[in-house]
Amino acid sequence: MLAIDYSERIPNNVGLGEDKALQRALEHWQPSYLDWWNTMGPEGTRKSDIYLRTAVSASPQGWAHFDYVRMLDYRWGIFLSPREPSRRVNFGEHLGEPAWQEVPGEYRANLRRIIVTQGDTEPASVEQQRHLGLTAPSLYDLRNLFQVNVEEGRHLWAMVYLLNKFFGRDGREEAEALLQRRSGDENKPRILGAFNATTPDWLSFFMFTYFTDRDGKFQLCALAESGFDPLARTTRFMLTEEAHHMFVGESGVSRIIQRTCEVMNDLKTDDPDKLRAAGVIDLPTLQRYLNFHYSVTIDLFGADESSNAATFYNSGLKGRYKETKRQDDHQLRDHAYTVLATVDGRIIEKQVPMLNALNEVLRDDFIEDSVAGIGRWNRVIANANLPYRLCVPHKAFNRRIGALAGINVSPAGQLVSESVWRKHEQEWLPTSEDRAFVASLMGRVSEPGTFANWIVPPKHGVNGKPLEFQYVRFG
Ligand SMILES: [Fe+2]
Ligand SMILES: [Fe+2]
């Protein structure tokens, strides 16, 4: 029997060949991963060649290689950003100590929980998106979907590397469990709410990659500040891939908006029925999808007041977005932050210790970043000389987590009664008719350079290739 050299089978820059125990652990995990990919990964791709980007190093000069690859032969590698020898713990009670290269014993359980929670989102989104390949609006989009999928798979590998390398037997058990939970499964669901919803159509996919992958960006940015250096280096490299996922979302929605605006101007109407009859997605429907994905995603940041968030920060495990660029004491003991609460039927602002509000701090950073892209979407509408504008709903709208859960708040931020909510819900969140209409537009477009009627082509192809390039060769 041939011994399989996993140090070559698994591209890596972590010296896998020299760490036999780790190599054995990953060698043991790999077949379970491939099983999972085969059963829960993208549907109907077994024999197709796809023009994909593969990470081949962590060098900023050229970490990616583009070529045709069968998804089953995709080489999921393990890459950490280069080590900075003088790196320190940059916040919390260990501020100024050298960054940890091993897991501090007292923080083991919390670190494992942070890594597992992040790791769980990666395969979840692959599961959520697994049917979308059957209805891609073009080969270009199909290729982007698969690119996102294989990279989410690689992000799972990144977290599984940390679990196997630093957490011994319970790390190995967690790595197995990551392959056993299933998005939306009643008995063994994924850990976080938004990762158990379905992503049934391409509008949902683009909204998901715009909003929910951006949650990923902010979580990864907070972990990239970690005093546990291997986690910081792992997540920093994941962020280079994440940027493309958000690009897919932002440009996807933008292209849908542009097509809708073209038809609005051609037909000189903003009547949703007429636009739907012309086969494009009316702007109010886009706004309802936006409201849904935005509100579900901001729940992912957790409760507005959280002693866990304070503990993770104090102990140097999870920092703030751009922690080291901020001009403060990086310990936050005497700082306050504003969160929302309800009193006597009104939403009020309330000051709480900042350490307990770090989930809210990260959520607000996310909101600022999200709003910027919506401004770019609105420019597409403005450039078409149309008056409609998209906007994010109020932070308290449709929340399920934290102090704002269980109340009824309109997108404009008015606390409303249950009956008012029920009367207007159909204007605020996607209805089953909306979803059925969007679903009715979905259908695979597989001619190179051709795009579905409800979306315009992108400005550029992938890696300098033309739009007519055969991004997927069906087998
Ligand atoms: Fe990811
Ligand atoms: Fe992502």
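Positions are given from 1, in the same order as the sequence printed here. Remember, it's 1-based here, ligands and their atoms both numbered in the order they're listed.
Relative orientation of the Tyr321 and Phe218 rings is tilted, given thresholds of 30° and 60° on the angle between their planes. By the 30° and 60° cut-offs, the orientation of the rings of Tyr210 relative to Trp377 is tilted. Between Phe167 and Phe228, the ring planes are perpendicular. Angles over 60° get that label, and only those under 30° would be called parallel.
Not a single N/O/S atom of Glu151, whether from backbone or side chain, sits less than 2.8 Å from the Fe ion (ligand 2). Not a single N/O/S atom of Glu241, whether from backbone or side chain, sits less than 2.8 Å from the Fe ion (ligand 1).
Aromatic ring centroids of Trp76 and Tyr33 lie under 6.0 Å apart. Ring centers of His94 and Tyr107: under 6.0 Å apart, within the cut-off. Between Trp29 and Trp36, the ring center distance fails the sub-6.0 Å criterion.
For the Fe ion (ligand 2), the nearest N, O or S atom contributed by Glu242 is named OE2. Restricting Asp213 to its N/O/S atoms, the shortest distance to the Fe ion (ligand 2) is reached by OD2. In His245, the N, O or S atom that comes nearest to the Fe ion (ligand 2) is ND1. When you scan the N, O or S atoms of Glu152 for the one nearest the Fe ion (ligand 1), you land on OE1.
Geometry about the Fe ion (ligand 1) gives an angle of 100° between ND1 of His155 and OE1 of Glu122, rounded in steps of 10 degrees.
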